[in-house]
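Before any comments, here is the structure.
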Amino acid sequence: MEKLGIYLDVDLLHELDKTVTANILKIEKEIAAVVGKETINLNSPSQVENLLFYTLQLPPQRKSKTGKFSTDYEVLKALAGLHPIPALIITYRELAKLKNTYIDALPHYVNKKTHHIHTTFSQTAAATGRLASSNPNLQNIPADASGYGIEVRAAFKAEHGDLFISADYSQIELRVLAYLSQDVNLMNAFLQGHDIHSETSARLFDVALADITNDQRQLGKRINFSILYGLTPYGLSKDLGISFKDAKRYIDRYFEQYPQVSEWMKSIIEKTKQLGYVETLWGRKRYIPTIYEKNRTLYEEACRIAINTVAQGTAAEIMKLGMLAVHKKLAIDYSQASILLQIHDELIISAPQEIVGEVEKLVKNTLESVVEWNVPLVVMTHSGADWKEITK
DNA sequence: AATTTCACG
DNA sequence: ACGTACGTGAAATTA
């Protein structure tokens with residue numbers, strides 16, 4: 001992956017830059033018009049803090065680690081109803097991030113000889129066993145289709161009439177959780193091919209699966225993901241904008257409906273205390289010394305890390321085994337096809353257009369067969385001429 | 001070098 | 001009463 005690299009259409013990025021830069025200038029003027037004479041660097045959290053909470057006298061929401069008033073997205077969102085400036089700053093930040101981190105920076109990484117970007121993948125950076133990408137990081141290219149972000153993906157293009165194929169594991173961490181816990185309800189949902197977020201919602205609300213509304217499904221989705229992070233009632237209440245009490249009810253109800261998940265989590269914590277480390281399914285160890293902490297906050301953090309490491313790390317192992325298997329098979333029958341990128345639960349592959357259909361099938365089957373569990377693995381594939389086209 | 005913020009899974 | 005969701009990397013500012 002590092003050696004092959006990936007082609008970047010610098011001219012397309014330059015076109016995007018014109019639009020984004022024009023928008024940035026427009027917002028800077030709008031803010032200047034409201035603020036008056038005082039010049040302000042919108043990239044400086046400290047100057048934004050002064051503007052919002054001293055000049056404009058807006059109510060501070062919370063403090064950062066060093067005691068200053070935070071100005072992050074969540075804070076700005078909360079202030080947006082009180083004054084026009086916070087919303088403008090949100091948009092400014094969005095565009096400035098896009099320009100500084102991606103549009104302006106990526107072209108400098110294009111190699112003069114290969115005309116490709118060659119990222120570096122580290123196998124020892126992430127404590128869970130995931131890969132990490134750097135210089136540049138190609139695992140955090142914008143994916144959100146609501147703004148201009150997704151257009152950066154359009155600049156990553158297949159060459160010579162080839163097409164890109166994306167192959168992504170569907171809900172791999174929840175399937176890992178289902179397998180490791182052997183939770184009957186979670187396993188059956190996957191075995192029956194149910195939409196797992198609707199399933200969780202249906203169980204939480206005691207409603208038939210078919211009657212789940214889109215909003216209810218979104219809630220099930222948030223809760224499913226939160227479980228893997230070791231959610232707290234406080235964190236969930238903040239995320240969903242509901243009361244602490246209701247959040248606690250949801251969590252209690254989740255563990256009622258998936259009792260073996262609860263038992264499994266307890267057993268992981270116990271094992272971590274015995275050994276001083278957690279182990280993934282294939283035996284990667286992560287030492288967690290704070291599991292012996294008396295400070296409750298640190299101890300609870302250790303518990304969350306232990307749980308999440310097993311799920312995230314085991315999923316990473318499945319992906320790495322899948323990559324080895326795919327690489328070997330491609331080398332034998334489809335030597336013109338190559339893996340270009342890995343984004344945790346997803347691969348980006350390039351292949352000549354004539355064999356794309358066959359390669360898609362091979363990759364899907366191979367990745368789904370890495371393990372033969374009593375919980376199925378499911379891989380979705382998409383093909384297209386650039387990275388935007390295959391982002392769903 | 002530390003801090004803040006924000007992009008991704 | 002207290003503090004509060006996992007794993008990363010990069011850019012800009014500030015100390």
Side-chain angles (χ1 to χ4, degrees), chain A residues 40-49 62-76 89-90 92-106 108-109 119-122 124-144 147-150 152-153 168-174 177 222-240 244 247-248 251 278 286 288 295-313 315-316 319 341-347 387 391:
Chain A
I40 173 177
N41 182 349
L42 293 167
N43 295 317
S44 163
S46 144
Q47 291 182 39
V48 171
E49 180 197 18
R62 67 186 148 77
K63 288 180 172 182
S64 70
K65 205 169 59 179
T66 51
K68 296 172 143 196
F69 296 131
S70 173
T71 71
D72 71 11
Y73 174 81
E74 209 181 322
V75 170
L76 295 172
I89 295 175
I90 287 175
Y92 174 86
R93 288 241 179 102
E94 205 176 294
L95 296 170
K97 177 82 175 179
L98 199 58
K99 179 172 170 62
N100 294 329
T101 307
Y102 303 104
I103 298 173
D104 288 351
L106 287 174
H108 296 297
Y109 287 100
T119 185
T120 296
F121 284 105
S122 172
T124 55
T128 54
R130 274 188 173 184
L131 300 187
S133 162
S134 62
N135 305 114
N137 182 353
L138 294 186
Q139 290 180 322
N140 73 345
I141 302 300
D144 182 8
Y148 293 115
I150 190 73
V152 175
R153 289 197 172 201
D168 62 290
Y169 278 110
S170 152
Q171 286 113 28
I172 188 165
E173 289 186 16
L174 286 172
L177 178 66
R222 305 285 272 275
I223 292 176
N224 277 337
F225 281 126
S226 304
I227 287 291
L228 296 162
Y229 300 154
L231 83 179
T232 62
Y234 176 85
L236 187 67
S237 68
K238 200 154 60 84
D239 183 42
L240 298 177
F244 184 94
K248 188 171 179 315
I251 295 169
V278 277
R286 180 175 183 180
I288 306 179
N295 178 313
R296 207 180 87 187
T297 304
L298 292 177
Y299 166 73
E300 286 177 347
E301 184 184 24
C303 292
R304 294 194 298 269
I305 290 171
I307 300 294
N308 181 261
T309 295
V310 183
Q312 189 182 117
M319 174 53 98
L341 295 174
Q342 186 248 49
I343 306 108
H344 310 305
D345 61 357
E346 173 186 18
L347 296 179
W387 196 355
T391 302

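Chain letters run A, B, ... following the sequence lines, proteins first, then strands; residues in each count from 1. For clarity, every value in this text was computed on a predicted model and none was experimentally measured.
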Next on the checklist: Using a heavy-atom cut-off of 4.0 Å across all strands, would you classify A/Ala311 as base, sugar-phosphate, or nothing?
Outcome noted: nothing
With a cut-off of less than 4.0 Å, is there a side-chain N or O of A/Arg130 near OP1 or OP2 of C/dG7?
no
Outer limits of DNA chain B sitting under 4.0 Å from a non-hydrogen atom of chain A, read 5' to 3', are B/dT3 to B/dG9
CE of A/Met319 to CG of A/Leu131, rounded to nearest 0.5 Å, is 9.0 Å
Could you check whether A/Thr232 gets within reach of a base, just the sugar-phosphate, or nothing at all, counting any heavy atom under 4.0 Å? base
Residues passing the ring pair (Phe, Tyr, Trp, His ring centres under 6.0 Å) test with A/Tyr148, sequence neighbours excluded, are none
ask   = What distance, rounded to whole Å, do you find between the two C1' atoms, one in C/dG3 and one in B/dC6?
value = 23 Å
Inset, instruction - Give A/Arg93 one of three labels, base, sugar-phosphate or nothing, depending on what nucleic acid heavy atoms sit under 4.0 Å from its own. - result: sugar-phosphate
Sorted by chain and number, sequence neighbours left out, side chain to side chain contact (heavy atoms under 4.5 Å, CB included) with A/Arg222 holds for A/Asp239, A/Leu240
Between CG of A/Leu138 and C1' of C/dT8 the distance, given in whole Å, is 14 Å
Rounded to whole Å, the CD1-P distance (A/Ile343 to C/dT8) equals 18 Å
query = Using atom P of each nucleotide, how far apart are C/dT4 and B/dT3 to the nearest Å?
reply = 15 Å
Protein heavy-atom contacts under 4.0 Å, written 5' to 3' over nucleotides 9-15 of chain C as B (base), S (sugar-phosphate only) or - (none), form the string BBSSSS-
Check: Any side-chain heavy-atom pair from A/Val152 and A/Leu106 closer than 4.5 angstrom?
Finding: yes
| With a 4.5 Å limit on heavy-atom distance, are the side chains of A/Asn295 and A/Glu301 in contact? | no
One should read off an interatomic distance between A/Ile89 CD1 and A/Tyr73 OH, to the nearest 0.5 angstrom, of 13.5 Å
Do A/Asn140 and A/Tyr102 have side-chain heavy atoms sitting under 4.5 Å apart?
yes
Here the distance between atom P of C/dT8 and atom CD of A/Glu173, to the nearest Å, is 13 Å
Rounded to whole Å, the CZ-P distance (A/Phe121 to C/dG7) equals 21 Å
side-chain contact (heavy atoms from CB on, under 4.5 Å) with A/Val278: of A/Ile305, A/Ile288, A/Thr128, A/Ile307, only one passes, and it is A/Ile288
Please measure how far the P atom in C/dC2 lies from the corresponding atom in B/dA7, and state the result in whole Å. 33 Å
Distance col, row A/Asp72:CG vs A/Arg93:CZ, nearest 0.5 angstrom, shows 7.5 Å
Between CD1 of A/Ile307 and P of C/dG7 the distance, given in whole Å, is 13 Å
Taken in chain and number order and not counting sequence neighbours, the residues that satisfy side chain to side chain contact (heavy atoms under 4.5 Å, CB included) with A/Asn224 are A/Leu174, A/Ile196, A/His197, A/Thr200, A/Tyr254
Rounded to whole Å, CD1 of A/Ile305 lies from P of C/dA5 at a distance of 11 Å
Its dot-bracket string being built from Watson-Crick and G-U pairs below 3.5 Å, with | for another strand and [ ] for crossing, DNA chain C has the pattern .....|||||||||.
- Task: Answer with base, sugar-phosphate or nothing: what part of the nucleic acid does A/Thr309 contact at a heavy-atom distance below 4.0 Å?
- Result: nothing
Between A/Arg286 and C/dG7, is there a side-chain N or O to OP1/OP2 distance below 4.0 Å? yes
Taking the side chain as everything from C-beta on, heavy atoms only, tell me whether A/Thr71 gets closer than 4.5 Å to A/Phe69.
no
When rounded to the nearest 0.5 Å, the distance separating CG of A/Leu341 from CG of A/Leu347 is 9.0 Å
The answer to which of A/Asn308 and A/Thr297 contacts DNA chain C further toward the 5' end, by nearest nucleotide, is A/Thr297
(request) For A/Tyr73, answer base if it contacts any base atom (sugar-phosphate contacts may also be present), sugar-phosphate if it contacts only those atoms, and nothing otherwise; contact means non-hydrogen atoms under 4.0 Å. (result) sugar-phosphate
query = Contact class for A/Ile227 (heavy atom, under 4.0 Å): base, sugar-phosphate, or nothing?
reply = nothing
task = Would you mind classifying the nucleic acid contact of A/Thr66 as base, sugar-phosphate or nothing, using non-hydrogen atoms under 4.0 angstrom?
result = sugar-phosphate
(Q) Donor-acceptor pair, distance only, cut-off 3.5 Å: does the side chain of A/Gln47 make one with the backbone of A/Ile40? (A) no
Heavy atoms only, 4.0 Å cut-off, all strands: where does A/Asp144 land among base, sugar-phosphate and nothing?
sugar-phosphate
